[in-house]
Each structure stands twice: as structure tokens, then as C-alpha cells.
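Each remark here refers to the structure printed beneath this line.
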Amino acid sequence: MINYTLNGEKIEQGNETTILESASKQGIKIPTLCNNEHLTPFGGCRLCLVDVATTGNPEMKKLMPACTAKIGEGLIIDTHSSRVIQARRFILAMLISRSPKAEELKVLAEEIGLPEESSQQTIAEKYMLEEAPSIVDTNCILCGLCVRACAEIPMRDAISFSARGMERTVKTPFEKYAETCIGCGSCAYVCPTNTITIEEVV
Ligand code: FES
């Protein structure tokens with residue numbers, strides 16, 4: 001049995017699982033973008049950050065992604081502390097600055113909010129305008145779900161991440177037609193922002 005504290009409640013759980021799964025069993029919703037229960041957790045979007053401390057040192061809190069971090073004996077976990085909320089809002093604002101038109105991000109912004117800007121104009125107002133300034137302006141939020149789906153379901157590795165930083169994208173090898181693609185549509189199915197679409201070619 002693992003005994004830990006979740007949002008002030010003592011929890012006793014039989015098996016080692018992620019914080020995300022355990023919180024979900026307790027009816028606590030943690031926002032996610034790059035998680036899919038059928039795929040290996042990746043910890044890419046960081047929206048699921050939670051505060052984690054130990055009973056031995058409760059003041060030493062660390063922000064950890066709930067989708068990859070496991071529950072453990074004596075842990076004190078807070079899924080909605082003000083620090084957590086602020087971190088999620090900041091990350092969401094960064095994602096929106098990259099993909100201002102992604103509907104999924106707008107829905108999340110409604111749910112968890114966005115940080116206030118010093119000018120009093122919220123990032124939501126600023127970035128949700130059609131003509132919003134955008135760093136990259138793509139609906140792809142680099143959650144990697146499509147890459148993992150392709151690698152883990154049909155096991156084809158037809159797409160992968162390419163380049164780093166601002167140039168980072170998901171591509172087929174050498175941007176050519178991927179010979180290994182079987183057109184199963186797994187990548188499009190898991191894409192949270194509908195960036196990947198399936199086209200029937202006859
Ligand atoms: S859902 Fe945990 S990092 Fe994306």
C-alpha cells in the first residue's frame with residue numbers, strides 16, 4: 001500500500017501509478033494536452049504540472065508533470081495550488097503565442113485562465129484576435145501524440161520531430177512521402193488540435 005496526501009486528503013493506494021491516474025481516480029481533473037492513456041507518457045506540454053513535496057520536507061515543493069511522475073510513500077501532492085495554477089497559465093500563454101488559432105487551447109484558456117499582463121490587457125484578449133502576433137502560427141503544439149501513436153500503434157515511425165527550438169516541427173523523413181506510412185490515421189486521430197487531417201487519394 002502507498003500512503004500519500006492529495007490536496008490535503010490522505011490517500012491509500014495499492015499500486016504504483018502516475019499522479020495523473022491516481023488523481024483522476026479521486027475525481028480530480030488535471031489539465032493535459034500531450035497525454036493519452038493508450039500511449040507512453042511523454043511529459044512534453046507541462047500543462048499537468050503539480051506541486052510535490054515529502055512529509056520529511058513539506059516546504060520543499062517541486063513542480064512535476066503529473067502524467068509522468070509516480071505517487072510514492074509520504075508524498076504531499078497539490079494539484080491546484082496557486083503556484084501550480086500560475087505555472088499552467090504561463091505555459092498555456094506560451095502555447096497560445098505559438099498557436100493562437102488552436103481551438104483546444106482556447107477551451108483550456110477558458111477553463112484555467114491566462115496570466116494578467118502588466119498593461120491589464122490579458123494575453124487571452126491579445127492572442128485570440130485573428131490578427132494576433134504569433135511566433136510561429138501553426139496549430140501544432142508539439143505535444144508529440146502523433147509521433148508516439150505512429151511509433152506505438154502501427155509501429156511505423158513514419159513521422160518524427162525535426163529540428164530544435166523555434167524550428168521544431170513534426171515531419172516525415174526528409175519531408176518526403178513516408179514509405180512506412182500505412183495510412184492508418186492514428187496520428188490524425190490523436191492530434192488534439194486537428195493539425196493532421198486525413199485525405200483520401202484515389
Ligand atoms: S500532459 Fe503531462 S506534460 Fe503534457
Side-chain angles (χ1 to χ4, degrees), residues 2 4 6-7 11 13 15-53 61-72 75-115 123 127 135-136 138-153 159-166 168-170 186-196:
I2 298 170
Y4 75 102
L6 182 64
N7 295 350
I11 307 286
Q13 189 157 314
N15 57 333
E16 197 193 40
T17 173
T18 64
I19 295 172
L20 185 67
E21 284 167 343
S22 189
S24 168
K25 278 195 192 123
Q26 306 303 321
I28 296 167
K29 189 172 176 232
I30 298 173
T32 63
L33 266 177
C34 71
N35 190 66
N36 181 303
E37 59 181 335
H38 302 294
L39 301 174
T40 309
F42 170 59
C45 73
R46 309 311 258 195
L47 261 194
C48 67
L49 288 177
V50 292
D51 257 332
V52 181
K61 293 177 187 157
K62 266 172 83 174
L63 284 171
M64 300 179 84
C67 64
T68 53
K70 299 263 172 70
I71 58 164
L75 289 186
I76 304 168
I77 300 166
D78 195 334
T79 62
H80 287 77
S81 66
S82 58
R83 189 167 85 126
V84 163
I85 301 290
Q86 271 181 27
R88 285 185 194 147
R89 287 178 177 169
F90 178 76
I91 290 161
L92 187 55
M94 293 298 104
L95 290 169
I96 289 176
S97 72
R98 175 185 165 88
S99 312
K101 295 177 193 125
E103 285 304 318
E104 183 69 17
L105 299 184
K106 293 180 187 179
V107 171
L108 277 166
E110 291 289 322
E111 278 175 25
I112 66 178
L114 289 164
I123 291 177
Y127 286 118
I135 301 168
V136 181
T138 163
N139 268 358
C140 177
I141 54 168
L142 301 174
C143 66
L145 279 171
C146 54
V147 175
R148 279 175 287 150
C150 186
E152 295 177 22
I153 297 170
I159 47 176
S160 61
F161 282 116
S162 165
R164 289 172 185 273
M166 301 288 289
R168 194 157 170 84
T169 55
V170 172
S186 304
C187 52
Y189 182 74
V190 295
C191 177
T193 58
N194 295 320
T195 305
I196 301 178

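Order of appearance sets the numbers: ligands from 1, and atoms from 1 within every ligand.
Residues passing the side chain to side chain donor-acceptor pair (under 3.5 Å) test with Glu37: none are found, sequence neighbours excluded. Residues meeting the salt bridge (charged side-chain N to carboxylate O under 4.0 Å, His left out) test with Lys29, sequence neighbours left out: Glu111. Here Arg83 pairs with Asp51 under the side chain to side chain donor-acceptor pair (under 3.5 Å) rule; sequence neighbours left out.
The line from CD1 of Ile11 to OH of Tyr4 is 5.0 Å long, rounded to the nearest 0.5 Å.
Minimum heavy-atom separation, Pro192 to Leu145: CD-CD1, 3.9 Å.
Taking 2.8 Å as the limit, the number of protein N, O or S atoms around atom 2 (Fe) of ligand 1 is 2.
Under the 3.5 Å distance criterion, the side-chain polar atoms of Glu152 are matched with a main-chain donor or acceptor of Thr40.
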